[in-house]
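Residue numbers start from 1 in every chain, and the chains themselves are labelled A, B, ... in the order their sequence lines are given, proteins ahead of strands. Just so you know, these numbers use all the heavy atoms, side chains as well, and skip hydrogens, waters and symmetry mates.
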Amino acid sequence: MSFTTAIQYAVCNSLGGLFGQEFTEKDFQVSETKPEFEGDYTVVLFALVKKLKVAPEALAKDLGENLVKNNPGFISGFNTIKAFLNLAITEEALLSFLTENYKDVCIGKKPVSHKKIMVEYSSPNTNKPLHLGHLRNNFLGWSVAEILKANGHEVIKSSIVNDRGIHICKSMIAWQEFANGATPQSTGAKGDHFVGDYYVKFNDEYKKEVSELTEEGTSKDEAEKNAPIMKKTQQMLLDWERGEPAVMELWNKMNGWVYKGFEETYKRIGSDFDQTFYESQTYLLGKDFVQEGLKNGAFYKKEDGSVWINLSGVGLDEKLLLRGDGTSVYITQDIGLVKQKFEKYNLDKSIYVIGDEQIYHMKVLVEICRKLGMPFADQILHLSYGMVELTTGKMKSREGTVVDADDLVDEMIATSKKHTEELGKVKDFSEGDLKDLYEILGMGAMKFYLLRVDPKKRMIFNPDESIDFHGFTGPFVQYTYARIHSILKKVRDDERGEEGSLAAGSWEFEGHKSQLDVQQLLPLERQLLIFLEKYAHVISQAGDELNPSVIANYVFHLAKTFNSFYAEHSVANAENEEKKILRLHIAVMTATVIKSALQLLGIAVPERM
RNA sequence: GGCCCCGUAGCUCAGUGGAUAGAGCAACAGCCUUCUAAGCUGUGGGUCACACGUUCGAAUCGUGUCGGGGUCACCA
């Protein structure tokens, strides 16, 4: 039981005893005591003052006395200010929490719940490389999946690859027309970038043709429709749908290049998937359900044969489900895929990590599922996140202001190399160790930067800020971890009277008695313990809100508090042996929680940096 | 225009019913013969967009106004 829960329980009991009636934890609030006041937890009793018609001070005082009396091993004292009751936790309780958990790698995680949740994220198009927006999506999806696992759920990470459609044909046509048989191999380009360049080439060519036509007097609409390269592209899409061998071969070849490029990027940024869906395999799935909906009257057909749903009853518009020529649109395949997902995996919930510009689309999907009587309609959840903007405004591919994912990763790693070399603390590292360290720090900085903000909010990407390794950043937290490792090493070297290397991931400090005597805690020691105890709550809050920034804020605050403690009190040269052992435990526990929390964000920790 | 989201320090963000609204960056002033200074300590910086309301209590809830964004495709 967490301290907060235990306090709620104790308060209910004491109130019941004092007033002879039932109370629940909703009758009052328990929060951490603000630093400017004395105490660890505060019970806010204003609501009860009114209900019970008693004086605030008196209520707080009576309750405080009763709590101390009835919880001798837990609550050691109290003070009151109006209806605020500040409680102090006993050393005994804090220290037993510490000894029981200090090196538990599963700290804060919940037992298995048997809930099955799919998290669909990333979902790229195969006509261009990943950019900054995809990075937010990938980090967010991956982290949310891990956070849900930590909350005891079974999680399936999935991705739907948008590998077909007119936009894919555009890069194919451009390659056919302009590449002269060039390949990623022949040019040394990364596959996804190589294909992306032809997508850009298509648009340039298209624009040129349209302006030529309009200069000849064609209307803009006509020109856009009849530009020769567009005609060819549309023809190619038809050929693709018919399975024309030459087109299929080209399609397979070019997508193969892209997948090879994606694979490289995913590996670097740590994205992985348990299941990958391909639109080319799912785009026909929804058609049958549309027919079904037509039959039972959920949908209707217009004169041209197109099929629609009217959602004006729930505040949405009418929406096309199937084109007049019988081909499917985007949402058609979504209907098919969602059903397949729930049936194949027997899901309790399906979370879609998609940008907030698709809120409307996802609402429509849920409504369609409802209208079709699909039982899982309410288990679809759109985790929408805000767009990443630049300080100069939105990213626009046409204006070349898109921040490429691979470039950004390279830059972050180069920056971490630069900082590390300037500081010169790891000159004894091997080439391989250095490379790993740069990777850990660069990726840590980038992931932390993109995950520290509430996903629902739009965020501004500031290039200077993102490569900062000081303050509210990943490397700051990683640094705190490395410092703790250094403390452990120092203690061990002192004991042995020689330089010894601490085994990786080992927190053992044998040679000391492992038992902690009950002792007076200094304010910072106490503060750290109270804060560490909160970690379990933070994991469940992040899980409830599907919000990794909760973890990022917490772990930063923890590192910050530890660094203050570190500056104030020595571990290796503590006042006495008792203090030394206590602080070793606290240091190890801080490291354990930092490692666990950063892992939930997809960030690794270095032992030295 | 309809619907949805946002507005907190110079900048980027926490805080979603409780005490005198907090961090980081930027600025300024200090701290390394002692466990890593990628750190610590301090100073300055606020009409929580505005107005009214609900409440013992509002940055937080409600209504309205202003400002910014998204969306309402036989695109995906």
Side-chain angles (χ1 to χ4, degrees), chain A residues 29 31 33-34 36-37 42 44-47 49-50 56 81-84 86 123 125 127 162 164-168 279 302 304 306-308 315-325 327-331 333-334 355-361 363-364 384 386-387 389 391 394 416 419-420 422-423 425-426 441 445 449 452-454 456-462 464-466 468-480 482-491 493-494 549-550 552-553 556-557 559-560 562-574 583 587 608-609:
Chain A
Q29 292 104 46
S31 57
T33 303
K34 295 203 163 194
E36 58 265 37
F37 300 99
T42 300
V44 185
L45 297 159
F46 288 96
V49 167
K50 207 176 176 192
I81 300 166
K82 291 183 279 186
F84 295 106
N86 299 321
S123 303
N125 289 349
N127 63 343
N162 213 282
R164 65 159 281 279
I166 193 83
H167 54 299
I168 307 298
E279 197 188 306
K302 287 195 175 173
D304 62 358
S306 57
V307 180
W308 296 73
L316 308 171
D317 297 319
E318 23 164 53
K319 193 89 185 170
L320 176 87
L321 300 180
L322 213 54
R323 294 190 184 102
D325 61 8
T327 58
S328 46
V329 289
Y330 184 44
I331 202 145
Q333 70 109 13
D334 268 337
D356 61 8
E357 72 275 10
Q358 292 200 44
I359 288 176
Y360 182 85
H361 173 84
K363 271 188 188 163
V364 170
S384 68
M387 203 177 289
E389 287 175 27
T391 41
K394 280 183 204 158
S416 73
H419 285 316
T420 305
E422 275 169 13
L423 290 167
K425 293 181 188 176
V426 289
L441 295 178
Y449 181 80
R452 68 185 203 187
V453 183
D454 185 339
K456 285 178 194 66
K457 293 196 176 175
R458 270 202 329 268
M459 69 174 289
I460 302 205
F461 180 84
N462 181 328
D464 297 333
E465 225 174 70
S466 71
D468 194 355
F469 284 19
H470 304 268
F472 187 17
T473 66
F476 171 91
V477 182
Q478 290 169 320
Y479 175 69
T480 310
R483 262 186 156 178
I484 294 174
H485 208 268
S486 173
I487 293 172
L488 270 284
K489 184 178 183 314
K490 157 96 173 142
V491 168
D493 291 349
D494 287 354
S549 80
V550 171
N553 278 286
F556 169 68
H557 193 147
K560 184 89 189 148
F562 185 86
N563 281 326
S564 299
F565 165 81
Y566 178 93
E568 198 79 20
H569 308 293
S570 176
V571 176
N573 298 310
R583 288 178 190 163
R608 285 179 58 199
M609 63 186 274

Sugar-phosphate, base or nothing in reach of A:Ala567, heavy atoms under 4.0 Å: sugar-phosphate
Sugar-phosphate, base or nothing in reach of A:Tyr479, heavy atoms under 4.0 Å: base
Secondary structure string for RNA chain B (Watson-Crick or G-U under 3.5 angstrom, | for other-strand pairs): ((((((((.[[[[.)..(...]]]].(((((.......))))).....[[[[[..)....]]]]])))))))....
Touch class at under 4.0 angstrom, heavy-atom based, for A:Gln478 against every strand present: nothing
Sugar-phosphate, base or nothing in reach of A:Lys456, heavy atoms under 4.0 Å: nothing
Candidate nucleotides B:G18, B:A76, B:C35, ranked by approach to the side chain of A:Phe46 - the nearest: B:G18
Stacked cation flag A:Arg452 on A:Phe556, 6.0 angstrom / 45 deg: no
Test of ring centre spacing under 6.0 Å for A:Phe565 and A:Phe562: yes
Pi stacking test for A:Phe84 and B:A19: under 5.5 Å apart, planes under 30°: yes
Sugar-phosphate only, base, or nothing, as touched by A:Leu441 at under 4.0 Å among non-hydrogen atoms: base
Sugar-phosphate only, base, or nothing, as touched by A:Gln29 at under 4.0 Å among non-hydrogen atoms: base
Side-chain donor/acceptor of A:Asn86 to base of B:A19, under 3.5 Å: yes
Side-chain donor/acceptor contact of A:Ser549 with base of B:A14 under 3.5 Å: no
Closest nucleotide among B:A76, B:A37, B:U12 to the A:Tyr330 side chain: B:A76
Residue mapping more 5' on RNA chain B - nearest nucleotide basis, A:Ile460 or A:Gly324: A:Ile460
Phosphate contact (B:U41 OP1 or OP2) by A:Ser564 side-chain N/O below 4.0 Å: yes
Sugar-phosphate only, base, or nothing, as touched by A:Met459 at under 4.0 Å among non-hydrogen atoms: sugar-phosphate
Nearest-nucleotide 5' precedence on RNA chain B, A:Asp356 against A:Val44: A:Val44
Partner residues of A:Phe46 under the ring-ring contact (aromatic ring centres under 6.0 Å, His included) criterion, sequence neighbours left out: A:Phe84
Reading 5' to 3' through nucleotides 20-27 of chain B, protein heavy-atom contacts under 4.0 Å coded B for base, S for sugar-phosphate only, - for none: ---SSS--
